Engineer: 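Please see the structure below; I have some questions.
As the structure is a computational prediction, the values presented were derived from the model and not from experiment. In what follows, chains are A, B, ... by sequence order, proteins preceding strands, each numbered from 1.
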Amino acid sequence: MKTSYPSQMSVVTRFAPSPTGRLHVGNLRTALHNWLFARRSGGRFLLRLDDTDRERSRADLVEAIRADLAWLGVKADAEHRQSQRFDRYDAALARLAAAGRAYPAYETAQELELKRKVQLGRGLPPVYDRAALGLTAEDRARLEAEGRRPHWRFRLDHDAPIEWEDLVRGRQHFEPRLLSDPVIRREDGTWLYMLPSTVDDIELGVTHVLRGEDHVTNTALQVQMFEALGATPPAFAHEALLVGSEGKLSKRLGSLGVEAMNEAGIEPIALAAKLARIGTSLPVEPVASLQPLVESFDFATFGRAPARFDMEELKALNARIVHGLPHQAVADRLPHGMSAADWEAIRPNLACVDEAAGWWDILHGHVEQNAPEEDREFLSRAAELAAAIDWSESPWTALASALKTATGRAGKSLFHPLRRALTGRDSGPEMAALLPLIGRDEAVARLRSAAGLS
RNA sequence: GGCCCCAUCGUCUAGCGGUCCAGGACGUCGCCCUUUCACGGCGAAAACACGGGUUCGAGUCCCGUUGGGGUCACCA
């Protein structure tokens, strides 16, 4: 079943990382999905930096995040920073407070921690008891006189069951009594995630919030915030998280980012192809561009169970993509002077583009090889024949058949010593393609050298 | 512990009561091509977690068990 997308309403999605760390595969997948969905529906994709935490946010990481997204091929249509929008959040809190939907609370972090422990100890859910709601004006004055400063909580409406139609999880239902009134502003006046995110989604016109399922309970809380602020909540889609190949949640996954991909020689399009379709019912297949991923994007294909991310599978996909890369797509990354013919000859044997460098010497440099005693005479004969055959047509076929006739060798015993002597390796691309590129003189020299003749 | 998801081949999944002795993709294995290894082409093996119901009939609906994931911060 295909999901039908709104045609009149213009879609606006957003990716909202906080610049406190580098992006990893999980983040990158969410960013990509938001971008793909926006492109698919002719909408806009926003990058919103959630940098309300001054201590932990770093400017260099903002740049790194942009670079990581660009590497993947994802570019934002607009960018916003929460650190420049504090006045909006002040205004929103003032409105909520005036409407009785936000209230000051004075417990310390330690006191709250203790309450939770007691509740948990009794087998009760650790939900905030709303003690601060019972504070009188005198109580508050006394606390402030003692030097206490309040943090602020959003007051959930216990009589309004929370519901939304999730684009990947279906109908969701939450009972507000079982949830804590979320703290929205710290004692020191700085903002927590909840309110700024809601305010921005409203004011920036976000129509679809696509994020990981670790946000579902946040969404339950935010649905009421949207309503308390007089806005209609956007559509929500919570995708299942990625887990490591071992099955359990993996620490390693959190450190798998663009840097690790570059180290492993993974092409951006390979990661994009993997990330776009992992956990969906669509096949993970080699693609040449992001376009097919845009066209096939569909929430209806998303699974609801966590999917395993396996680096080995990614490498295999990467290899298949490399095998199809045209010369002009990689020319600037190949050894200087490597021709299209060179590239096409070695390409089917590469796991990543970097490996091309290793083939440069084999094609146009030198190979030193000493063959085992039993092959020396054979190779010496090969050198003579290589010098004698016609190189204009298909020298490999000519050399092989002449050698077969002359020595009686066939199959592996015929080919393996030749491959080793000519390329220095046990495996590689088809010799018929390599030999003409190596050239007659160099081939003869290598065969003689391997035979111990020079 | 409460709440929310999930449970089909090794992996990601299709399946929305009969058309399923369960389909696809990746991986694995085999064959072909290549007078070698790879690439490529073709083909095969491979799964409904368990226990109760409901029903003429259950992978498909209900309950439970077990297992997996998420969340319950003055993180995001």
Engineer: Please state whether the base of A76(B) and the side chain of Asn218(A) form at least one donor-acceptor pair under 3.5 Å?
Structural biologist: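 By the distance-only test, yes, there is a pair.
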
Engineer: Using atom types as modelled and distance alone, determine if a side-chain donor or acceptor of Ser380(A) lies under 3.5 Å from a backbone N or O of Arg376(A).
Structural biologist: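 Side chain of Ser380(A) to backbone of Arg376(A), a donor-acceptor pair under 3.5 Å: no, none is there.
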
Engineer: So, does Arg186(A) get its side chain near the phosphate of C74(B), meaning an N or O under 4.0 Å from OP1 or OP2?
Structural biologist: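 No, no such contact exists.
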
Engineer: Heavy atoms under 4.0 Å, any strand shown: does Leu282(A) hit a base, just sugar-phosphate, or nothing?
Structural biologist: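 No contact.
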
Engineer: Determine whether the side chains of Arg186(A) and Thr190(A) contain a donor N or O and an acceptor N or O closer than 3.5 Å.
Structural biologist: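 Distance-only check passes for Arg186(A) and Thr190(A).
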
Engineer: Roughly how many Å apart are U13(B) and C6(B), using the C1' atom of each and rounding to a whole number?
Structural biologist: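 C6(B) and U13(B) have their C1' atoms separated by 14 Å.
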
Engineer: Could you give the CG-to-P distance, from Leu124(A) to G1(B), as a whole number of Å?
Structural biologist: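 Rounding to the nearest Å, CG of Leu124(A) and P of G1(B) are 13 Å apart.
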
Engineer: Rounded to whole Å, please give me the gap between CZ in Phe299(A) and P in U13(B).
Structural biologist: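 So the two atoms are 16 Å apart, to the nearest Å.
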
Engineer: To the nearest Å, how far apart are Asp310(A) CG and U28(B) P?
Structural biologist: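 Those two atoms, CG and P, are 12 Å apart.
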
Engineer: Counting side-chain heavy atoms from CB outward, which of U36(B), C4(B), C74(B) is closest to Lys412(A)?
Structural biologist: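 That would be U36(B).
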
Engineer: Quick one: label Gly123(A) by what it contacts on the DNA or RNA (base, sugar-phosphate, nothing), any heavy atom closer than 4.0 Å.
Structural biologist: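 The residue Gly123(A) makes sugar-phosphate contact but no base contact.
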
Engineer: Using whole Å, what does the distance between atom P of nucleotide C5(B) and atom CZ of Phe236(A) come to?
Structural biologist: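 Nearest whole value for this atom pair: 16 Å.
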
Engineer: If I take atom CG from residue Leu363(A) and atom CG from residue Asp342(A), how far apart are they, to the nearest 0.5 angstrom?
Structural biologist: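 Answer for the CG-CG pair, Leu363(A) versus Asp342(A), is 5.0 Å.
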
Engineer: Using the ring of Trp191(A) (Phe, Tyr or Trp, six-membered ring only), decide whether Arg85(A) places NZ or CZ under 6.0 Å from its centre and within 45 degrees of its axis.
Structural biologist: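 The answer is no, since Arg85(A) fails at least one limit relative to Trp191(A).
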
Engineer: What's the gap between U8(B) and C3(B) when it is taken at their P atoms, as a whole Å value?
Structural biologist: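 So the two P atoms sit 24 Å from each other.
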
Engineer: Could you state the atom-to-atom distance from CD of Glu430(A) to P of A38(B) in whole Å?
Structural biologist: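 Answer to the nearest Å: 13 Å.
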
Engineer: Under 3.5 Å for both donor-acceptor distances, Watson-Crick or wobble: does A25(B) have a partner, and if so which one?
Structural biologist: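 U11(B) is the nucleotide pairing with A25(B).
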
Engineer: For C39(B), does either OP1 or OP2 sit under 4.0 Å from a side-chain N or O belonging to Arg347(A)?
Structural biologist: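 It does not, given that no N or O in the side chain of Arg347(A) lies less than 4.0 Å from OP1 or OP2 of C39(B).
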
Engineer: Once you apply a heavy-atom cut-off of 4.0 Å, does Val216(A) come out as touching a base, just sugar-phosphate, or nothing?
Structural biologist: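 If one applies the 4.0 Å heavy-atom cut-off, Val216(A) turns out to touch nothing in the nucleic acid.
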
Engineer: Want to settle it: does Leu317(A) or Gly303(A) sit nearer the 5' end of RNA chain B, counting the closest nucleotide to each?
Structural biologist: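 Of the two residues, Gly303(A) wins.
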
Engineer: If I pick the C1' atom on A22(B) and the same atom on C48(B), what distance separates them, to the nearest angstrom?
Structural biologist: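 Rounded to whole Å, the distance is 8 Å.
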
Engineer: Within the side chain of His151(A), is there an N or O that forms a donor-acceptor pair under 3.5 Å with the backbone of Ala105(A)?
Structural biologist: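 Checking the backbone N and O of Ala105(A) against the side chain of His151(A), a donor-acceptor pair under 3.5 Å is found.
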
Engineer: Given U11(B), C74(B), A38(B), identify the nucleotide with an atom nearest to the side chain of Arg153(A).
Structural biologist: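 Of the options given, the side chain of Arg153(A) lies nearest C74(B).
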
Engineer: Is the phosphate of A76(B) approached by Arg56(A) (side-chain N or O, under 4.0 Å from OP1 or OP2)?
Structural biologist: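 No, outside the criterion.
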
Engineer: Between Arg116(A) and C74(B), does any side-chain N or O lie under 4.0 Å from OP1 or OP2?
Structural biologist: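 Yes, such a contact exists.
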
Engineer: Between G53(B) and C75(B), how far apart are the C1' atoms? Round to whole Å, please.
Structural biologist: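 One C1' to the other, the span is 45 Å.
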
Engineer: Could you work out which one of G2(B), C74(B), U35(B) sits closest to the side chain of Phe415(A)?
Structural biologist: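 Closest nucleotide to the Phe415(A) side chain: U35(B).
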
Engineer: Where does C37(B) fall, syn or anti, if syn means a chi angle no more than 90° from 0?
Structural biologist: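 Anti, since the glycosidic angle lies more than 90° from 0.
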
Engineer: Counting distance only, does the side-chain N/O of Gln82(A) pair as donor-acceptor with the main-chain N or O of Arg48(A) below 3.5 Å?
Structural biologist: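 Pair absent, no side-chain N/O of Gln82(A) close to backbone of Arg48(A).
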
Engineer: Rounding to an integer number of angstrom, what distance separates G59(B) and C16(B) when you compare their P atoms?
Structural biologist: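 Their P atoms lie roughly 13 Å apart.
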
Engineer: By the 4.0 Å heavy-atom rule, please label Leu120(A) as base, sugar-phosphate, or nothing.
Structural biologist: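 Answer is base: heavy atoms of Leu120(A) come under 4.0 Å of a base.
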
Engineer: Rounded to whole angstrom, note down the P distance from G67(B) over to C29(B).
Structural biologist: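 Comparing P positions in G67(B) and C29(B) gives a spacing of 34 Å.
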
Engineer: Between Pro429(A) and Phe174(A), which residue's closest nucleotide on RNA chain B lies nearer the 5′ terminus?
Structural biologist: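 The residue mapped nearer the 5' terminus is Phe174(A).
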
Engineer: Ring centres under 6.0 Å, that's the criterion: do Phe297(A) and Trp35(A) meet it?
Structural biologist: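 No; Trp35(A) has its ring centre 6.0 Å or more from that of Phe297(A).
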
Engineer: Specify the separation, in whole Å, of atom CD of Gln119(A) and atom P of C72(B).
Structural biologist: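 After rounding, the gap between these two atoms is 15 Å.
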
Engineer: Given that both distances must come in under 3.5 Å, which nucleotide forms a Watson-Crick or G-U wobble pair with C39(B)?
Structural biologist: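 With both distances under 3.5 Å required, C39(B) matches none.
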
Engineer: Mark this stacking check for His215(A) against A76(B) as yes or no, applying ring centres under 5.5 Å and ring planes under 30°.
Structural biologist: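 By the stated criterion, His215(A) and A76(B) stack.
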
Engineer: Has Thr20(A) got a side-chain N or O lying under 4.0 Å from the OP1 or OP2 atom of A76(B)?
Structural biologist: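 No, Thr20(A) has no side-chain N/O under 4.0 Å of OP1/OP2 on A76(B).
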
Engineer: What's the gap between A47(B) and C26(B) when it is taken at their C1' atoms, as a whole Å value?
Structural biologist: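 Nearest-Å result for A47(B) against C26(B) at atom C1': 16 Å.
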
Engineer: Name the nucleic acid region contacted by Glu113(A), choosing base, sugar-phosphate or nothing; use a 4.0 angstrom heavy-atom cut-off, strictly under.
Structural biologist: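 Nothing, no nucleic acid heavy atom in range.
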
Engineer: Report the base-pairing partner of C33(B) (Watson-Crick or G-U wobble, both distances below 3.5 angstrom), or none.
Structural biologist: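 In the structure as shown, C33(B) has no Watson-Crick or wobble partner.
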
Engineer: Rounding to an integer number of angstrom, what distance separates A49(B) and G10(B) when you compare their P atoms?
Structural biologist: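 Their P atoms lie roughly 12 Å apart.
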
Engineer: Taking only N and O in the side chain of Arg419(A), is any of them less than 4.0 Å away from OP1 or OP2 of A38(B)?
Structural biologist: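 For Arg419(A), the contact criterion (side-chain N or O under 4.0 Å from OP1 or OP2 of A38(B)) is not met.
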
Engineer: C5(B) C1' sits how many Å from Glu213(A) CD, rounded?
Structural biologist: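 It is 6 Å, rounded to the nearest whole Å.
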
Engineer: For Tyr103(A) and Asp181(A), run side-chain hydrogen bond (donor to acceptor under 3.5 Å, both in side chains): C-alpha distance rounded to whole Å, both residues' side-chain angles, the deciding distance at 0.1 Å, then the answer.
Structural biologist: CA-CA 10 Å; Tyr103(A) 60 94; Asp181(A) 289 338; 2.6 Å; yes

Engineer: Check the distance between A38(B)'s C1' and Leu434(A)'s CG and give it to me in whole angstrom.
Structural biologist: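 These atoms are roughly 11 Å apart.
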
